[in-house]
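A note on names: the letters A, B, ... follow the listed sequences, proteins ahead of strands, and every chain is numbered from 1. Side chains are part of it too, since the values below use all heavy atoms of this structure and drop only hydrogens, waters and symmetry mates.
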Protein chains: 2
Amino acid sequence: MSDSKPSQHEEKKTTSLRERKKHQAKADIEEAALRLFHEKGYEQTSIQNIADAVMMSSRTFFRYFASKEDVLLGFIRKAQRDGIRSLNQIETTALPHVALREVFESLAIEYQKQRSNLQIRYQVAMQTPSISSMFLYSLLESEPAICDALYSRLENANVNEIRFLVAIYMASFRVSVEKWLENEKNSDLVSLLNDHLDYFLTMPIGNNRL
Amino acid sequence: MSDSKPSQHEEKKTTSLRERKKHQAKADIEEAALRLFHEKGYEQTSIQNIADAVMMSSRTFFRYFASKEDVLLGFIRKAQRDGIRSLNQIETTALPHVALREVFESLAIEYQKQRSNLQIRYQVAMQTPSISSMFLYSLLESEPAICDALYSRLENANVNEIRFLVAIYMASFRVSVEKWLENEKNSDLVSLLNDHLDYFLTMPIGNNRL
DNA sequence: AGTATAATGTCAGTGTATGACAAAAGTCAA
DNA sequence: TTGACTTTTGTCATACACTGACATTATACT
């Protein structure tokens with residue numbers, strides 16, 4: 001505003017001023033929103049509150065995020081999508097169990113990178129039923145995509161078997177993530193997941209019942 | 001209104017007129033809502049549309065249902081709750097696998113009773129992302145309750161083990177329900193579930209990998 | 001019948017979300 | 001720097017989901 005002169009040199013780099021501002025605005029919204037959600041609770045925080053905090057109109061909020069929920073969970077969906085990319089690197093000759101182990105391990109690694117970020121979102125989500133459903137959904141919504149990808153890549157794969165196995169692995173992953181986020185001590189999601197999968201794969205089952 | 005005279009005899013039976021009217025109103029709302037959801041889609045149907053269809057004010061709608069979503073999924077939550085009641089009949093000496101098998105079998109039986117009703121709700125839910133998340137949640141939200149009940153009833157139970165097992169069984173149940181509702185042919189959820197569980201319990205795993 | 005009680009309608013208000021259009025800011029070339 | 005062009009933002013209007021408050025109507029009870 002009252003600056004002497006705008007210097008039109010230095011960083012032109014890769015992104016334009018416009019791009020940088022957009023990126024910053026989105027980051028600002030997300031930061032303010034998470035802070036407010038954490039302080040006052042998700043439902044107690046209105047879009048207007050968030051917009052006020054970053055000094056923009058509430059209409060502009062919706063130009064950066066599709067919904068209030070998107071601010072909280074869009075990040076998780078992205079992590080989920082990124083993690084699933086590893087599917088394309090799986091050999092078509094791999095066994096379903098090997099492929100699934102790889103998929104969910106890379107997903108776990110992706111999650112691991114964002115622990116604190118995920119944790120605060122998880123905490124907020126768990127305090128609001130309508131949001132915990134969306135959190136759950138953000139984990140499970142990629143299940144069909146994983147099934148499709150596995151089915152198209154693996155030779156001699158059975159659709160129903162794949163679908164069932166993916167659901168089982170997904171459940172293991174979900175419980176691992178929940179435990180991991182609930183307890184500060186559990187810093188290593190990957191080994192937590194592997195423990196679960198190992199346990200699941202070596203369970204002495206089918207004998208001690210019926 | 002223009003009736004000659006209200007007869008104050010005949011059916012006094014068990015419920016009062018007031019109770020019967022309330023029950024009828026709720027049933028009317030639910031029926032109209034499901035019909036409209038099916039015809040126009042969930043999001044394309046407003047509360048006002050539903051209220052108009054049963055000739056009441058939209059305010060009254062909310063005296064029977066907590067939300068629009070409640071009309072669609074309250075039924076499922078109820079079935080879920082009813083099915084879980086069987087938990088209390090489990091002996092404290094039962095093995096977790098036996099107990100879980102029983103719990104989910106009785107849940108399946110409860111679902112089975114309401115196939116067509118569940119099917120239309122499932123179809124509507126699947127057409128709307130925000131609602132499919134709630135559908136998913138209505139299945140999974142009872143997971144903690146099952147864990148708690150099992151843990152308190154079974155001797156020598158390990159919390160983490162229970163939690164993990166319940167999640168696995170829940171995933172099997174979910175996939176069974178989905179397959180059951182997707183295909184008209186699959187009329188028997190109980191055997192579908194048992195097939196899945198048997199498959200899961202006898203899987204040749206842990207050997208053919210790593 | 002008349003009074004108490006419960007259900008319903010009306011009205012006003014909050015919050016989420018979206019379309020339309022005007023105002024402001026960034027971009028680029030002369 | 002100016003001026004034209006594009007993108008972003010603000011403002012306004014609107015729709016829908018939901019809630020509280022209060023008046024109105026219908027059932028219940030004696």
Asks: So among B:Leu87, B:Ile168, B:Val166, which one has a side-chain contact (heavy atoms from CB on, under 4.5 Å) with B:Leu100?
Replies: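 With B:Leu100 as partner, B:Leu87, B:Ile168, B:Val166 yield a single side-chain contact (heavy atoms from CB on, under 4.5 Å), made by B:Val166.
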Asks: What integer distance in Å separates B:Met55:CE from D:dT25:P?
Replies: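 My rounded result for the distance is 18 Å.
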Asks: To the nearest angstrom, how far is B:Arg63 atom CZ from D:dG20 atom C1'?
Replies: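 Result: 10 Å.
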Asks: Using a cut-off of strictly less than 4.0 Å between a heavy atom of the residue and any atom of DNA chain C, enumerate the qualifying residues of residues 67-76 of chain A by number.
Replies: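 Contacting residues: A:Ser67, A:Lys68.
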Asks: Under a 4.0 Å heavy-atom cut-off, which of residues 120-136 of chain B touch DNA chain D?
Replies: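 Residues of residues 120-136 of chain B that come under 4.0 Å of DNA chain D do not exist, since none gets that close.
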Asks: Per the ring pair (Phe, Tyr, Trp, His ring centres under 6.0 Å) rule, which among A:Tyr122, A:Phe104, A:Phe173 passes with A:Tyr111?
Replies: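 Result: among A:Tyr122, A:Phe104, A:Phe173, A:Phe173 is the only option passing the ring pair (Phe, Tyr, Trp, His ring centres under 6.0 Å) with A:Tyr111.
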Asks: Given D:dA26, C:dT8, D:dG10, identify the nucleotide with an atom nearest to the side chain of B:Arg18.
Replies: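 Selected nucleotide (nearest to the side chain): D:dA26.
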Asks: How many whole angstroms separate atom CZ of B:Phe61 from atom P of D:dG20?
Replies: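 Nearest whole value for this atom pair: 16 Å.
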Asks: Respond yes when some side-chain nitrogen or oxygen of A:Lys21 is under 4.0 Å from OP1 or OP2 of C:dA25, and no when none is.
Replies: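 Checking C:dA25 against A:Lys21, no side-chain N or O comes under 4.0 Å of OP1 or OP2.
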Asks: Rounded to whole angstrom units, what separation is found between the CZ atom of A:Arg20 and the P atom of D:dT8?
Replies: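 Answer to the nearest Å: 14 Å.
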Asks: Report which part of the nucleic acid B:Tyr64 touches: base, sugar-phosphate, or nothing (heavy-atom distance under 4.0 Å, all strands).
Replies: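 Sugar-phosphate, no base atom in range.
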Asks: With a distance cut-off below 6.0 Å to the six-membered ring centre and an angular limit of 45° from the axis, does A:Arg121 pair with A:Phe75 as a cation-pi contact?
Replies: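 Yes, cation above the ring, under 6.0 Å and within 45°.
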Asks: Using 0.5 Å steps for rounding, measure from the CD1 atom of A:Ile50 to the CZ atom of A:Phe37.
Replies: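 Here the interatomic distance stands at 4.0 Å.
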Asks: Rounded to the nearest Å, what distance is computed from the CD atom of residue A:Gln24 to the C1' atom of nucleotide C:dG26?
Replies: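 Interatomic distance, CD of A:Gln24 to C1' of C:dG26: 17 Å.
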Asks: With sequence neighbours left out, which residue pairs that include part of residues 123-132 of chain A fulfil the side chain to side chain donor-acceptor pair (under 3.5 Å) condition?
Replies: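 Every side chain to side chain donor-acceptor pair (under 3.5 Å) pair that includes a residue of residues 123-132 of chain A, provided the two are not neighbours, is A:Ser132-B:Tyr137.
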Asks: Hey, which of B:Leu193, B:Leu192, B:Asp188 is the one that makes side-chain contact (heavy atoms from CB on, under 4.5 Å) with B:Gln112?
Replies: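 Among the candidates, only B:Asp188 passes.
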Asks: Strictly below 4.0 Å: does B:Ser57 bring a side-chain N or O up to OP1 or OP2 of C:dT8?
Replies: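 So the side-chain polar atoms of B:Ser57 never come under 4.0 Å of the phosphate oxygens OP1 or OP2 of C:dT8.
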Asks: Between C:dA17, D:dA17, C:dT27, which nucleotide has the shortest distance from any of its atoms to the side chain of A:Phe62?
Replies: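 For A:Phe62, the side-chain atoms sit closest to C:dA17.
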Asks: For the helix from C:dA1-D:dT30 to C:dA30-D:dT1, how many degrees between its two end axes (five pairs per end), to the nearest 10°?
Replies: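 Axis-to-axis angle, ends of the helix: 10°.
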Asks: Could you say whether B:Leu17 or B:Arg59 is positioned toward the 5' end of DNA chain D, judged by the nucleotide with the nearest heavy atom to each?
Replies: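 In this pair, the answer is B:Arg59.
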Asks: Within the side chain of A:Arg153, is there an N or O that forms a donor-acceptor pair under 3.5 Å with the backbone of A:Ile90?
Replies: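 Yes; judged by distance alone, with no hydrogens or angles, the pair exists.
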Asks: With heavy-atom distances below 4.5 Å as the criterion, would you say the side chains of B:Leu189 and B:Lys179 are in contact?
Replies: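 The answer is no; the side chains never approach within 4.5 Å.
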Asks: Quick one: CG on B:Leu36 to CD on B:Glu31, what's the gap to the nearest 0.5 Å?
Replies: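 Between B:Leu36 CG and B:Glu31 CD, I get 10.5 Å after rounding to 0.5 Å.
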Asks: What's the verdict on salt bridge (charged side-chain N to carboxylate O under 4.0 Å, His left out) for A:Glu141 and A:Arg77, showing C-alpha distance, side-chain angles and the deciding distance?
Replies: CA-CA 9 Å; A:Glu141 69 182 341; A:Arg77 296 211 185 83; 3.0 Å; yes
Asks: Under 4.0 Å from OP1 or OP2 of C:dT27: is there any side-chain N or O of A:Ser16 that close?
Replies: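 So the side chain of A:Ser16 is within the cut-off, an N or O lying under 4.0 Å from OP1 or OP2 of C:dT27.
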Asks: Using whole Å, what does the distance between atom P of nucleotide D:dG10 and atom CE of A:Met56 come to?
Replies: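 Taking atom P of D:dG10 as the reference, CE of A:Met56 is at 7 Å.
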Asks: Tell me, which of residues 28-53 of chain A have any heavy atom that sits under 4.0 Å from an atom in DNA chain D?
Replies: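 By residue number: none to list.
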Asks: Does any non-hydrogen side-chain atom of A:Ser142 lie less than 4.5 Å from one of A:Met170?
Replies: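 A:Met170 reaches A:Ser142 side chain to side chain.
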Asks: Rounded at 0.5 Å granularity, tell me how far CG in A:Leu118 sits from NZ in A:Lys113.
Replies: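 The distance works out to 12.0 Å.
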Asks: Using the rule given for side chain to side chain contact (heavy atoms under 4.5 Å, CB included), can you reason through B:Met134 versus B:Leu72, listing the C-alpha separation, both sets of side-chain angles and the distance that settles it, and then say yes or no?
Replies: CA-CA 10 Å; B:Met134 296 304 294; B:Leu72 189 66; over 6 Å; no
Asks: Using the salt bridge (Lys or Arg N to Asp or Glu O under 4.0 Å) rule, collect all pairs that involve residues 39-62 of chain A, keeping only residues at least two apart or in two chains.
Replies: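 Every salt bridge (Lys or Arg N to Asp or Glu O under 4.0 Å) pair that includes a residue of residues 39-62 of chain A, provided the two are not neighbours, is A:Arg35-A:Glu39.
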